[in-house]
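First up is the structure itself, then whatever we jot down about it.
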Amino acid sequence: MKKKTGVKPSMSVMQNRKVLEQTFFARPAVKVARELLGKHLVRRIGKTELAAMITEVEAYVGPHDLACHARFGRTPRTEVMYGAAGHWYVYLCYGIHWMLNVVTDAEDWPAAVLVRAAGEFIGPGKLTKGLKIGQRLNTLPATPSTGLWVEDRGIRVPRIQVERTPRIGIDYAGEWKHELFRFVLNA
DNA sequence: GCAGTGATCATA
DNA sequence: ATGATCACTGCC
């Protein structure tokens, strides 16, 4: 007996869905950032599932990185960055916009990758607004059980399409503002 | 070019 | 309790 909902040809690309595990995130932030390009950020709210391909990220590499929130050490807010990789770090910026980061690198090494754009959601504030991401996800793991996770859907990103630039909005960061820690996936 | 907006953190 | 500081956005 045939199922009512037929599988469309476009679904063939969906067959390759691999949820990124903690081991993917437990590596240096710059490497994780680069490799997140082309991966899919997946959001489930109730029965609705929305996926958006990640196209812009920034790496914040540790306490010595003068642009990283952990540059002042452990505080209640930065505590999550000191924890295990693969957990969400979500904070409010300028009193209006939620910023979505995923913790990277080793435990007790505070580093993270900011997800700035995915799919139609261009800009870190628009991304969280579009995917209904807020404070509730802060400190939760990037697993399907939390409703927000990352999948490898088999997209390969050629180096020629990857642009590296300094990070946005960190003019205060001294020499670190010049580091090419922002990665953009161009069409 | 810059106002809006509120959590966070240091200072007290 | 108060003040400075923001990993932004949208409108002027």
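Computed over heavy atoms, backbone and side chain alike; hydrogens, waters and symmetry mates excluded. In the text below, chain A, chain B and the rest are named by the order of the sequence lines, each starting its count at 1. The structure displayed is predicted, hence computed values, not measured ones.
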Q.
Considering every strand and a 4.0 Å limit on heavy-atom distances, what is the contact class for I96(A): base, sugar-phosphate, or nothing?
A. base
Q. What does R77(A) touch in the nucleic acid at a heavy-atom separation under 4.0 angstrom: a base, only the sugar-phosphate, or nothing?
A. sugar-phosphate
Q.
Are there runs of at least three consecutive Watson-Crick or G-U pairs touching DNA chain C, with each pair's two distances under 3.5 angstrom? Give them by first number.
A. B:1-4 with C:8-11, B:6-11 with C:1-6
Q: Name the nucleic acid region contacted by L114(A), choosing base, sugar-phosphate or nothing; use a 4.0 angstrom heavy-atom cut-off, strictly under.
A: base
Q) So which of residues 60-69 of chain A are in contact with DNA chain C, with a heavy-atom cut-off of under 4.0 Å? A) Y60(A), A67(A), H69(A)
Q) Expressed in angstrom and rounded to an integer, what is the separation of E56(A) atom CD from dT9(C) atom P? A) 9 Å
Q.
Classify the ring geometry of W109(A) against H64(A): parallel below 30°, tilted from 30° to 60°, perpendicular beyond 60°.
A. tilted
Q | Strand-adjacent residues in residues 29-38 of chain A, judged by heavy atoms under 4.0 Å from DNA chain C | A | none
Q: Ignoring backbone atoms, test whether K177(A) places a side-chain nitrogen or oxygen under 4.0 Å from the OP1 or OP2 oxygen of dA7(C).
A: no
Q. Do the ring planes of Y91(A) and H69(A) sit parallel (below 30°), tilted (30 to 60°) or perpendicular (above 60°)?
A. perpendicular
Q: Between G123(A) and G95(A), just flag the one whose closest nucleotide in DNA chain C comes earlier from the 5' side.
A: G95(A)
Q.
Whole angstroms only, please: what is the OH-C1' distance between Y172(A) and dA4(C)?
A. 14 Å
Q | For the student: nearest non-hydrogen atoms of Y89(A) and V103(A), plus distance | A | CB-CG2, 4.3 Å
